S.K.: 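Would you mind keeping the following structure in view while I ask a few things?
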Amino acid sequence: MTSAASSVRSLAEVLDRELRGRGSSVRATKERAYLKSELVHYGVGVPDTRGVVREVLRTTELKHDDVVALAEELWDFAGNADGMNRAASRNPVYELRSAATMVLIQKQDHLGADDTDLFERLLRQAHTWALVDPLAGDAIGPLSEHDAEFDPILERWAGDEDFWIRRSALLAHLRPLREGSGDFPRFSRFADAMLEEKEFFIRKAIGWVLRDTARTRPDMVFDWMLPRAHRVSGVTMREGVKHLSSEQREAVLAAR
């Protein structure tokens, strides 16, 4: 094992140990049931996981390859009471996969479109909004806002057979649009093509992006929703009209 690989492995073991130490078996059982998860759960909340990752990264200098290697190490490893192992009989650990997403988010200045294969692998293997959403919204979203090389990637994702990948193409627009920038015409095109899908997580994602866009640009969201009101699902509608004016909300609901 090279010194770099050994260092990454050591960081992963530290994170595993710290997270296991903060776990709650009661919380783990509840979270596993709530997420319908087949992963191992330690029972650590998101704020605590984020804090552990932030503290470990604060004292460590990582280059691009180290960031990628650490994220992959955390994502793929299983944990047990004696530490981490690669035993195929054990499932990966939810908190370690969550930590992997946080590493990529906190170190996104090291990443770019060349890391698409990594992002896509994690998105396809996540199988839960609790991992897909931070990857798509908090890592890929800000990166794609400032890198045109992501454009064809998001276009491809928007037509993918995997609804988690399609959801990611939508949620990549969330933070930029929430912050008053972003590519609303592209989001509009993606959302329009998916508007009549039956999948809840697609309907929810469209509504979520519309809701947060309307915080600063309600007129733009109103103009988009009004002619499509008859096609919009209930969950998309409920989210999308939250930050419209009362008059706009009534008009959209009446048009449905």
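Model, not experiment: these values are computed from the prediction.
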S.K.: How about Ser168 and Trp157: does a side-chain donor come under 3.5 Å of a side-chain acceptor?
M.R.: no
S.K.: Does Glu18 offer a backbone N or O that forms a donor-acceptor pair with the side chain of Arg22 under 3.5 Å?
M.R.: yes
S.K.: Report yes if some heavy atom in the side chain of Arg228 is under 4.5 Å from a heavy atom in the side chain of Ser188; otherwise report no.
M.R.: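 Sidechains of Ser188 and Arg228: in contact.
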S.K.: Assess the residue pair Ser144 and Leu154 against the criterion (side chain to side chain contact (heavy atoms under 4.5 Å, CB included)); give the C-alpha distance rounded to whole Å, side-chain angles, the decisive distance to 0.1 Å, and a yes or no.
M.R.: CA-CA 9 Å; Ser144 63; Leu154 295 182; 4.0 Å; yes
S.K.: Look at the rings of Phe184 and Trp224 and say which category their plane angle falls in: under 30° parallel, 30 to 60° tilted, over 60° perpendicular.
M.R.: perpendicular
S.K.: What verdict does the side chain to side chain contact (heavy atoms under 4.5 Å, CB included) test give for Leu35 and Trp129, after you've listed the backbone C-alpha separation in whole Å, the side-chain angles of each residue and the deciding distance to 0.1 Å?
M.R.: CA-CA 9 Å; Leu35 295 175; Trp129 59 267; 3.8 Å; yes
S.K.: Asp115: what forms a side chain to side chain donor-acceptor pair (under 3.5 Å) with it, not counting sequence neighbours?
M.R.: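 Testing Asp115 for side chain to side chain donor-acceptor pair (under 3.5 Å), a comparison that skips the adjacent residues, returns His64.
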S.K.: Cluster question for you: counting only ILVMFWY and a side-chain heavy-atom cut-off of under 4.5 Å, with indirect links fine, are Tyr94 and Tyr34 together?
M.R.: yes
S.K.: Using the side chain to side chain donor-acceptor pair (under 3.5 Å) criterion, which residues pair with Glu72? Sequence neighbours excluded.
M.R.: none
S.K.: Looking at every non-hydrogen atom in both residues, tell me the closest pair between Asp219 and Gln248 and how far apart they are.
M.R.: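 The pair with the smallest heavy-atom distance is OD1-NE2, 2.8 Å.
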S.K.: Quick one, Phe190 with Val209, criterion side chain to side chain contact (heavy atoms under 4.5 Å, CB included). Give me CA distance, side-chain angles, the key distance, then yes/no.
M.R.: CA-CA 12 Å; Phe190 289 179; Val209 176; over 6 Å; no
S.K.: Would you indicate whether the side-chain heavy atoms of Tyr42 and Arg27 approach each other to under 4.5 Å?
M.R.: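 Side-chain contact under 4.5 Å: no.
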S.K.: For Val53 and Ala99, work out which heavy atoms get closest and say how close.
M.R.: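 Taking every non-hydrogen atom into account, CG2-CB, 3.7 Å.
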S.K.: Rounded at 0.5 Å granularity, tell me how far CG in Leu195 sits from CD1 in Ile202.
M.R.: 11.5 Å
S.K.: Indicate yes or no: at least one non-hydrogen side-chain atom of Leu123 is less than 4.5 angstrom from one of Ile140.
M.R.: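 The answer is yes; the side chains approach within 4.5 Å.
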S.K.: Specify the closest pair of heavy atoms between Val232 and Met237, including all atoms of both residues, with the distance to one decimal.
M.R.: CG1-N, 3.4 Å
S.K.: Quick one, Thr216 and His243 - any side-chain contact, counting heavy atoms below 4.5 Å?
M.R.: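 A side-chain contact is absent here, since even the closest heavy-atom pair is not under 4.5 Å.
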S.K.: How many angstroms lie between atom CZ of Arg211 and atom NZ of Lys242, to the nearest 0.5 angstrom?
M.R.: 5.5 Å
S.K.: Quick one: closest heavy-atom pair of Val235 and Arg203, and the distance?
M.R.: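 Shortest heavy-atom separation between Val235 and Arg203 comes out as CG1-CB, 3.3 Å.
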S.K.: Anything under 3.5 Å between a donor and an acceptor, one on a side chain of residues 105-114, the other on a protein residue two or more places apart or in another chain? List them.
M.R.:
| residue | atom | partner | partner atom | Å |
| --- | --- | --- | --- | --- |
| Gln108 | NE2 | Ile105 | O | 2.9 |
| Gln108 | NE2 | Asp138 | O | 3.0 |
| His110 | NE2 | Leu62 | O | 2.9 |

S.K.: If the condition is salt bridge (Lys or Arg N to Asp or Glu O under 4.0 Å), which residues does Arg215 pass it with, not counting sequence neighbours?
M.R.: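 Only Asp212 meet the salt bridge (Lys or Arg N to Asp or Glu O under 4.0 Å) criterion with Arg215.
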S.K.: Residues two or more places apart in sequence or in another chain: which of them pass ring pair (Phe, Tyr, Trp, His ring centres under 6.0 Å) with Trp164?
M.R.: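 Partners of Trp164 under the ring pair (Phe, Tyr, Trp, His ring centres under 6.0 Å) test: Phe201.
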S.K.: Mind checking salt bridge (Lys or Arg N to Asp or Glu O under 4.0 Å) for Arg231 and listing every partner two or more places apart, or none if nothing turns up?
M.R.: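 In terms of salt bridge (Lys or Arg N to Asp or Glu O under 4.0 Å), with neighbours along the sequence ignored, Arg231 is linked to Asp192, Glu196.
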S.K.: Any side-chain heavy atom of Arg124 sitting closer than 4.5 Å to one from Asp160?
M.R.: yes
S.K.: Roughly how far apart are Phe163 CZ and Arg166 CZ, rounded to 0.5 Å?
M.R.: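 Result: 8.0 Å between the selected atoms.
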S.K.: With heavy-atom distances below 4.5 Å as the criterion, would you say the side chains of Arg9 and Phe77 are in contact?
M.R.: yes
S.K.: Above 12 or not: heavy atoms from other molecules or residues under 6.0 Å from CD of Glu149?
M.R.: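 Check fails, neighbour count at 12 or below.
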S.K.: State plainly whether the residues Glu13 and Arg17 are in salt-bridge range, i.e. N to O under 4.0 Å.
M.R.: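 Not counted as a salt bridge, because no side-chain N and carboxylate O are separated by less than 4.0 Å.
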S.K.: Measure the spacing between CG of Leu15 and CG of Leu70 and express it to the nearest 0.5 Å.
M.R.: 6.5 Å
S.K.: Using a 4.5 Å cut-off on heavy atoms from C-beta on, say whether the side chain of Arg186 contacts that of Arg189.
M.R.: yes
S.K.: Locate the shortest heavy-atom distance separating Pro142 from Gly137; write the atom from each residue and the value.
M.R.: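 It is CD-O, 3.4 Å.
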S.K.: Using 0.5 Å steps for rounding, measure from the CD1 atom of Ile206 to the NE2 atom of His173.
M.R.: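 Here the interatomic distance stands at 12.0 Å.
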S.K.: Is the closest side-chain heavy-atom distance between Phe119 and Leu104 below 4.5 Å?
M.R.: yes
S.K.: Would you mind checking if Arg20 and Asp16 are paired as a salt bridge, meaning a charged N to carboxylate O distance below 4.0 Å?
M.R.: yes
S.K.: Closest heavy-atom contact between His127 and Gln125?
M.R.: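 It is CD2-O, 3.1 Å.
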S.K.: Out of curiosity, Glu31 CD to Glu95 CD, how far, rounded to the nearest 0.5 Å?
M.R.: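 Glu31 CD to Glu95 CD: 6.0 Å, rounded to 0.5 Å.
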S.K.: Could you go through the side chain to side chain contact (heavy atoms under 4.5 Å, CB included) check for Arg167 and Lys204 one step at a time?
M.R.: CA-CA 9 Å; Arg167 179 176 169 94; Lys204 182 73 170 182; 4.2 Å; yes
